[in-house]
2 protein chains.
Amino acid sequence: MNREPARTGGVVDGAKVSLHDVAARAGVSPSTVSNVLNGRLGRMRPSTRDRVRQAVRDLGYVPNQLARQFRTGQVRTIGLIVPSVANPFWGLVARRVEQAASERGYQVLLCNSERDPGREARYAETLLDSGVRGLIFGSSPLSFDHLATFRSRGLQIVAFDRSLAGAGAPVVGSVEIDNVLAARLAISHLTGLGHRRIGFLSGPIRTVSRRARLAGYQEALAAAGIEHDPALVWEGTSVATFGDADGAELGRTGAHHLLSMPDRPSALFTINDMYALGAYAGAGDLGLRVPDDVSVLGFDDLPVLAEVAMPPLTTVRQPVPSMMRFATSQLIGRLEGEMTGEPRHLTATPELVVRQSTAPPSPAGRTENRREPSRGERQNRADRTGRDDTTRAPSIPRVVRGRRPGRGV
Amino acid sequence: MNREPARTGGVVDGAKVSLHDVAARAGVSPSTVSNVLNGRLGRMRPSTRDRVRQAVRDLGYVPNQLARQFRTGQVRTIGLIVPSVANPFWGLVARRVEQAASERGYQVLLCNSERDPGREARYAETLLDSGVRGLIFGSSPLSFDHLATFRSRGLQIVAFDRSLAGAGAPVVGSVEIDNVLAARLAISHLTGLGHRRIGFLSGPIRTVSRRARLAGYQEALAAAGIEHDPALVWEGTSVATFGDADGAELGRTGAHHLLSMPDRPSALFTINDMYALGAYAGAGDLGLRVPDDVSVLGFDDLPVLAEVAMPPLTTVRQPVPSMMRFATSQLIGRLEGEMTGEPRHLTATPELVVRQSTAPPSPAGRTENRREPSRGERQNRADRTGRDDTTRAPSIPRVVRGRRPGRGV
DNA sequence: TTGAAAGCGCTAACAC
DNA sequence: GTGTTAGCGCTTTCAA
């Protein structure tokens, strides 16, 4: 006997109305109501269908999702695991995933991993427990071994980089920009300006994408005939316990290190824009100006922030809207059983957005041209136009001048 | 007959094990297993309890949350509605809520409202449908009327400002800083520096907190004997369809407007740090330097970003960790039936963090001292210490010099 | 101190 | 075309 029954369905003035009530009122059976509700109208008499719909309206019936979920074992929810919600880039990603998911009637559970495999596994566990079967990984660890056991429990993962490897991994799809190419694009721009000593500034290189960017950096240097100096690669160790000291802090610290070298780099390529902004500050701490004394090149093109930075940041843009639309539809397609077979992958095209944080290296001596910093000054800039990158990316990387895409919806 | 049964419970090699299996193995009834699992060990023989626990282990049993949720109508999930996930501040808030919730075994569903009541209502609807009964509102609209009908369906809301009003509103608790005081703190700092014309730069003033900040601004001006000039209040209209043009963009536009006035303000108080960063750019566009030509004072103290900005941003800090801990425990307390009665409210204490974006107004003429902008320059700063604001806030507002709290966990 | 039994609201196989 | 029926896995009375 139930004194405290589940009551999640439609409620009118406190009285719960179930599918049975609708059936009774429409003079049909529960299964018929169920069929109407789920669009199984194959050989149903239109009059029956209409009677049911009328009854639903009359009673203000709302299906009990919990019952449905329980019965079908299906939850219309996917998880999105991001490495750091302190970086607005992941907010952007989350919005796009949420948008694509909601078009399919799905919800998104946002999970902040802080790049911690333990947290990732715990999230997977919890989500699995509550019926979630699909996960998007915003930034994938080098291995999915810690998630392999979840495969047998039906977990499916779409990754935001080329994480197809790993035999046991439940990865069913992926989307990325060509990170190697992106880094080469960035470095070529710098070498094109005449830079020979270019620092690589990153946090822990424990993700597929970071590793690829480092590879691209090395390749581009080699292509330009510049010998690789390992001392110019700074890989910060994250000490943040809860993410407050994300990229920007590390970027600053890293800039301190690299720019204090006897033969300091004339340009810094940072793993993302937050690091770049931190590098601005780090350079400033040492009395160095951007881009006069040191060029800084970021990654992500954080909406508005990169434009608004001082000086406006040269950076690599990823077409987030289309990428996340692909990722989400892949995942939901799998969950709905529309897609099977081999994992599918999309490689999108990065763009270099040239603004004012990069310039030719200063002709003056390296270490000598420091000066006492003074009050901040600014760049005049009016380089904004509307453009929409939500459509398909072109097949070759583009280099654009400081524009920003329109707001696709 | 079920060919495709729900299978969410514990799975060992593909075989689902239910509570009945555990009961069978332990030689007890399902209800006994249920009692063990739910800690109802009142008058249970320890040996029975242990046998059940052993059976659980042996079989690798994991309770089917979906079944439990369905049966009880209770979901261990709360929703968090934030106005803009493009603003890292809300990322910070989300992390803290998630942290506090997970300590209680709750999950957080992050919802991005873009300040759209329609989206808010739709989220409430969806969440309610899927069994969620608790919601935290990151930024509350002036009225909760559009949510009043959800009250009868059991929805409970904790708001991030003093939204107790509204008879029908399902608000059961709230937490805020004293926004009036915070704004007065900010404005007093500016008037103390000698500013008389101070702009107020905001997006749509349709939230409780923004309205309060405007009130504080006006009060502080009055207290300083400065007559209020409505032309100095700029209330931007958001045109962003999907948030990309959040604060920073509006801040820039607003700065253009205010700083192009014939008798332009010598200082700008912005509704949040993103606006402040945008205002930096807007000032720069006009060839004005911060703080030499115009002071800028923000709100939120975005971790790292505010410090790293150029010049480092003077801003008002809210003690997010303690605030969100209160909000979350209030909400979960209600959901668990531990708390009843009147809504409870916490008012936390804001702090003014003085950095380098504010300075006395320039003695030179107002509109005349523009100049052509040049390459960015920087501030030297090393004003960082560790401090923990996760403990109780003091009862009087503090003014600190550019420090940043330690990372509470 | 434990067990039996009923049923939450829905779906789907199968009968008619 | 539509109805009958048998549960999904769990919780909770109430009886023993």
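A note on names: the letters A, B, ... follow the listed sequences, proteins ahead of strands, and every chain is numbered from 1. As the structure is a computational prediction, the values presented were derived from the model and not from experiment.
Between A:Leu37 and A:Val56, the closest side-chain pair of non-hydrogen atoms falls below 4.5 Å. B:Cys111 places a side-chain heavy atom less than 4.5 Å from the side chain of B:Leu127. Counting heavy atoms from C-beta outward, A:Val33 and A:Val28 have side chains that approach closer than 4.5 Å. Side-chain contact between A:Tyr106 and A:Leu335 is present, with at least one heavy-atom pair separated by less than 4.5 Å.
Residue A:Ser31 places none of its side-chain N or O atoms closer than 4.0 Å to OP1 or OP2 of C:dA12. OP1 and OP2 of D:dG9 both lie 4.0 Å or more from every side-chain N or O belonging to B:Ser18. In this structure, B:Arg71 does not reach the D:dT12 phosphate: none of its side-chain N or O atoms is under 4.0 Å from OP1 or OP2.
Ion pairing between a basic and an acidic side chain is recognised when a charged N comes within 4.0 Å of a carboxylate O; B:Arg104 and B:Glu338 show such pairing. A salt bridge between A:Glu103 and A:Arg325 is absent, with no side-chain N of the basic residue lying under 4.0 Å from a carboxylate O of the acidic one.
Ranked by how close their nearest DNA chain D nucleotide is to the 5' end, A:Thr48 and B:Ala67 are led by A:Thr48.
The CZ-C1' distance, from B:Arg68 to D:dC8, rounds to 16 Å in whole Å. Residue B:Leu19 contributes atom CG, which lies 14 Å from atom C1' of C:dA4 at whole-angstrom precision. Between the CD atom of A:Gln65 and the P atom of C:dC8 there is a distance of 18 Å, rounded to whole Å. If you take CG of B:Leu66 and P of C:dG9, they are 16 Å apart, rounded to a whole angstrom. Here C:dC10 presents its P atom at 16 Å from CD of B:Gln69, a figure rounded to the nearest Å. Between A:Lys16 atom NZ and C:dC10 atom P the separation is 12 Å, expressed in whole Å. Atoms NE2 (A:His20) and P (C:dC10) sit 9 Å apart, rounded to a whole Å.
The minimum heavy-atom distance between B:Ser139 and B:Arg115, with the atom names listed, is OG-NH1, 3.7 Å.
Candidate nucleotides C:dG3, D:dT11, D:dG9 were compared by shortest atom distance to the side chain of A:Phe70, and D:dG9 ranks first. For B:Ser34, counting side-chain heavy atoms from C-beta on, the closest listed nucleotide (D:dT12, D:dC10, D:dT4) is D:dT12. Taking every side-chain heavy atom of B:Asn64 into account, D:dC10 is the closest of C:dG3, D:dC10, C:dG9. In the set C:dT2, D:dG3, D:dT11, D:dG3 carries the atom at the smallest distance from any side-chain atom of A:Thr32.
For the segment residues 35-45 of chain A, residues with any heavy atom less than 4.0 angstrom from an atom of DNA chain C are, sorted by number, A:Asn38, A:Arg40. Residues from residues 21-28 of chain B with heavy atoms under 4.0 angstrom of DNA chain D: there are none.
In this model, no donor atom of one side chain and acceptor atom of the other lie less than 3.5 Å apart for A:Gln54 and A:Asp50.
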Yes or no on side chain to side chain contact (heavy atoms under 4.5 Å, CB included) for B:Leu128 and B:Phe150, after CA distance, side-chain angles and deciding distance?
CA-CA 8 Å; B:Leu128 227 21; B:Phe150 297 121; 3.4 Å; yes
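Between B:Phe160 and B:Trp90, the ring-plane angle classifies as perpendicular under the 30° and 60° cut-offs.
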